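Worksheet for the structure shown next.
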Amino acid sequence: MSNTPTTTKVHNYSAGPCILPNEVFQQASKAVLEYEGTGLSILEMSHRSKEIVAMTENAVALVKETLGVPEGYSVLFLQGGASLQFYMSALNLLKVGGKAGYIDTGTWSNKAIKEAKRIGDVQVIASSEHKNYNYIPKGYAVPAGLDFLHYTTNNTIFGTEFFHTPKTDSLLVADMSSDIFSRPINVADHDLIYAGAQKNLGPAGVTLVIVKDSVLGKTNRDIPSMLDYQVHIKGESMFNTPPVYAIYVSMLTLEWLKKNGGVAWIDKRNQQKADLLYGEIDRNPLFAGTAEIEDRSRMNATFVLNDESQTDEFNAMLRSARISGLKGHRSVGGFRASMYNALPVESVQVLVDVMKELERTKG
Ligand SMILES: *Cc1c(COP(=O)(O)O)cnc(C)c1O
């Protein structure tokens, strides 16, 4: 009987929650049995114990170091997912009587717009909806006088990604749920960044928020405590009981990233994976990508079979190659390969080999 985890044996392309590094799973499982010589499981420890306070501080420090977070910004670990941030970001930044602008690049942007409308005036500045969100809008004019401009850096469902930072005179807010830590970013260009952890950072249950302190407290609105960034900053992410284990696993993932060379390293590796897969999508006459080439996401590659009647055979081949999670989202159809940080290059090669094999059997 072997105790070897099976996590390396499946090529996990899940869009989220998703693959994490195998060594993170190993360490995380040990901490459930006993956390670092304390005689306690991490699951039964007080969040205010010195060990867990130190762990949380380390997680914050790793976020700051990895992304180069400048002075004057706070790093928070909250709950409620990116979905709560859709509302919370607007609640904390949209002034009473003010107006916010949104770039609409898909399902998640839409959800953010819907929540912000509960709070105030919202203007959609640009949208790629008319082409089923297969590109990133460019060349749009951002009106003056907005309280903030919001964009979604990576569109997990439609497979597009921003490779530029929108220009605005107002505050800039970004939902980076599905590409944070996949590449270097300029935090100073942004006033608020949020991300559900379960795409590139850790397990579901914790949400990362990076916020510029000086932009808060200006809405002239009474904000409930749990939805007030300033309350969480003051409480150092422990205003209420934080999701300790999810923060711990995120911390381990950041340690893994740092040890290997940080975002500069992962940026290269993610490019390598994207080049490998998109290269095959473009070369193989059986397949077609669904997103405009210049806007293709490096995290989520969306593609279709030109002849849908080959779907069952392709799926059977994927199953026997132990590739999981490749089914496309219902709003795009076809396939979606999510190549988050922890997915090895070898897994992409296995997928490419299956695509080649399908071509061979059909040729
Ligand atoms: C997954 C995802 C969300 C939703 O995150 P939750 O943590 O489930 O609320 C929001 N935005 C983007 C870009 C996502 O990929």
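Atoms considered below: every heavy atom in the structure, side chains included; atoms not considered: hydrogens, waters and symmetry mates. None of these values were measured; they are calculated from a predicted model. As the structure lists them, so they are numbered: ligands from 1, and atoms in each ligand from 1.
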K138 atom NZ, neighbour heavy-atom count above 12 within 6.0 Å: yes
Shortest protein heavy-atom distance from atom 2 (C) of ligand 1, along with the residue and atom involved: K199 NZ, 2.6 Å
Q198, M176, Q85, Q79: member with heavy atom nearest to atom 7 (O) of ligand 1: Q198
Any donor-acceptor N or O pair under 3.5 Å, side chains S74, D213: yes
Per-atom contacts, ligand 1 versus N154 - under 4.0 Å to a heavy atom: 13 (C)
Nearest neighbour in protein (non-hydrogen) for atom 9 (O) of ligand 1: S83 OG, 2.6 Å
Per-atom contacts, ligand 1 versus T152 - under 4.0 Å to a heavy atom: 13 (C)
Interfacing atoms of ligand 1 (cut-off 4.0 Å, heavy-atom, G81): 7 (O), 9 (O)
Sidechain N-carboxylate O distance under 4.0 Å for E255, K258: no
Donor-acceptor side-chain pairing of N300 and Y340 below 3.5 angstrom: yes
G80 N/O under 3.5 Å from ligand 1 N/O: no
Identity and distance of the protein heavy atom lying nearest atom 5 (O) of ligand 1: A82 CB, 3.5 Å
Salt bridge (Lys or Arg N to Asp or Glu O under 4.0 Å) contacts touching residues 262-285 (sequence neighbours left out): D267-R298, E280-R283, E280-K356, D282-R296, R283-E359
Proximal ligand 1 atoms for F86, defined as those under 4.0 Å from one of its heavy atoms: 10 (C)
Atom 11 (N) of ligand 1: nearest protein contact (heavy atom, Å): D175 OD2, 2.7 Å
Pairs involving residues 25-45, ordered by first then second residue, that meet salt bridge (Lys or Arg N to Asp or Glu O under 4.0 Å) (sequence neighbours left out): none
Protein contact of atom 15 (O) of ligand 1 - nearest heavy atom, named by residue and atom, plus distance: T156 OG1, 2.4 Å
Side-chain H-bond candidate by donor/acceptor type, N270 with S182, under 3.5 Å: no
Any side-chain donor near an acceptor of the partner, Y102 and N110, under 3.5 Å: no
